[in-house]
Amino acid sequence: MPASRREQYTEATRRALLESARRLFGTVGYAATTLDDIAHDEGLTKGAVYHHFKNKEVMFGAVIRQVLSEALQTVSAKAAGISDPRQRALAAIDDFLDICLQAEYQQIVLRDGPAVLGWVAWKALEKEYSYPLIEAMVTGLMDAGLMEPHSVDLLVRLIVAWLIEVAFLLTETNNAPETREQAKRFLTDLLKLSV
């Protein structure tokens with residue numbers, strides 16, 4: 001059964017509020033963004049925001065999930081088109097590091113994410129969005145004989161932890177492109193992915 005006009009309007013309003021919140025959270029940050037700012041950006045009242053979201057933190061949670069989902073889709077889509085496990089892993093690492101250079105990702109996921117959601121909830125999101133892709137990468141490399149057999153769970157945790165630390169480093173360094181290249185070289189050497 002097709003959605004009614006009211007349901008379509010409700011969903012369109014929710015999407016517009018999320019777009020506005022994402023734009024503001026991504027540019028001025030969570031702390032500097034108010035629900036009034038988000039509502040005003042869309043020509044709505046604060047009451048309209050509360051109709052869709054309990055509070056600003058819940059709205060932020062929806063935004064960070066959207067950003068993480070898009071990042072996962074970007075990395076997965078390119079990697080899926082590559083049959084060689086080594087090249088697929090290199091492409092996934094490359095794409096993730098490129099995403100970490102984006103100002104919006106840095107602000108929402110890396111700067112505000114842990115502070116707003118708390119470390120435990122933020123790590124749970126990272127696990128939800130990162131682990132399956134890294135696990136597939138590691139398993140593919142082991143199955144192809146390109147990586148020594150080890151505990152997949154341990155390797156996934158170590159690689160994700162390494163990637164998270166590199167991501168944080170990219171938000172702090174004065175020379176992000178060079179740091180990105182050094183980090184990529186180090187991980188590819190560590191995982192013996194160099195051609």
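Since the model is a prediction, treat every value here as computed from it, not as a measurement.
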Using 0.5 Å steps for rounding, measure from the [atom1] atom of [X] to the [atom2] atom of [Y].
X	Y	atom1	atom2	result
Leu90	Asp95	CG	CG	11.0 Å
Asp112	Ile64	CG	CD1	8.5 Å
Leu141	His150	CG	NE2	11.5 Å
Arg22	Thr33	CZ	OG1	14.0 Å
Leu72	Ser130	CG	OG	7.5 Å
Ile93	Leu187	CD1	CG	4.0 Å

Locate the shortest heavy-atom distance separating [X] from [Y]; write the atom from each residue and the value.
X	Y	value
Val63	Ala21	CG2-CB, 4.0 Å
Gln106	Cys100	NE2-O, 2.8 Å
Ser20	Glu42	CB-OE2, 3.5 Å
Ala176	Leu101	CB-CD2, 3.5 Å
Leu17	Ala39	CD2-CA, 4.5 Å
Ala183	Trp162	O-CH2, 3.0 Å

Do [X] and [Y] make a side-chain contact, defined as non-hydrogen atoms from C-beta onward lying under 4.5 Å apart?
X	Y	result
Glu104	Phe25	no
Trp122	Leu110	yes
Val109	Glu126	yes
Val166	Lys184	no
Arg23	Ile38	no
His52	Met59	no
Ile134	Leu163	yes
Tyr105	Glu70	no

Under 3.5 Å, side chain of [X] to main-chain N/O of [Y], donor-acceptor pair present?
X	Y	result
Arg88	Ser83	yes
Thr139	Ala136	no
Thr173	Leu169	no

Passes side-chain contact (heavy atoms from CB on, under 4.5 Å), Met147 versus Leu155? Steps please. CA-CA 11 Å; Met147 181 180 275; Leu155 276 174; 3.8 Å; yes
After noting the C-alpha distance and the side-chain angles of Val49 and Leu44, does the key distance pass the side-chain contact (heavy atoms from CB on, under 4.5 Å) rule? CA-CA 8 Å; Val49 176; Leu44 299 168; 5.8 Å; no
For the pair Asp189 and Arg185, find out whether any cationic side-chain nitrogen is under 4.0 Å from an anionic carboxylate oxygen. no
If the threshold is 4.0 Å, N to carboxylate O, is there a salt bridge linking Glu19 and Arg15? no
Do [X] and [Y] share a hydrophobic cluster, counting only Ile, Leu, Val, Met, Phe, Trp and Tyr and linking them when any side-chain heavy atoms are less than 4.5 Å apart?
X	Y	result
Tyr131	Trp119	yes
Tyr50	Tyr30	yes
Met142	Ile82	no

Kindly determine whether Phe60 and Leu117 satisfy side-chain contact (heavy atoms from CB on, under 4.5 Å), including the steps that lead there. CA-CA 9 Å; Phe60 181 81; Leu117 302 177; 4.1 Å; yes
Looking at Glu172, I want to see if its CD is surrounded by more than 12 non-hydrogen atoms of other residues, nucleotides or ligands under 6.0 Å. yes
With a 6.0 Å cut-off (strictly less than), is the heavy-atom count around NE2 of His40, excluding the residue itself, greater than 12? no
Going by chain and number, the hydrophobic cluster around Leu154 (ILVMFWY, side chain to side chain under 4.5 Å) further includes Leu158
Checking Met137 against Ile159 for the side-chain contact (heavy atoms from CB on, under 4.5 Å) test, could you report, in this order, the C-alpha distance in whole Å, the side-chain angles of both residues, the deciding distance, and whether it holds? CA-CA 11 Å; Met137 178 184 83; Ile159 293 168; 4.3 Å; yes
Taking atom types as modelled, is there a side-chain donor on Tyr129 or Arg65 under 3.5 Å from an acceptor on the other? yes
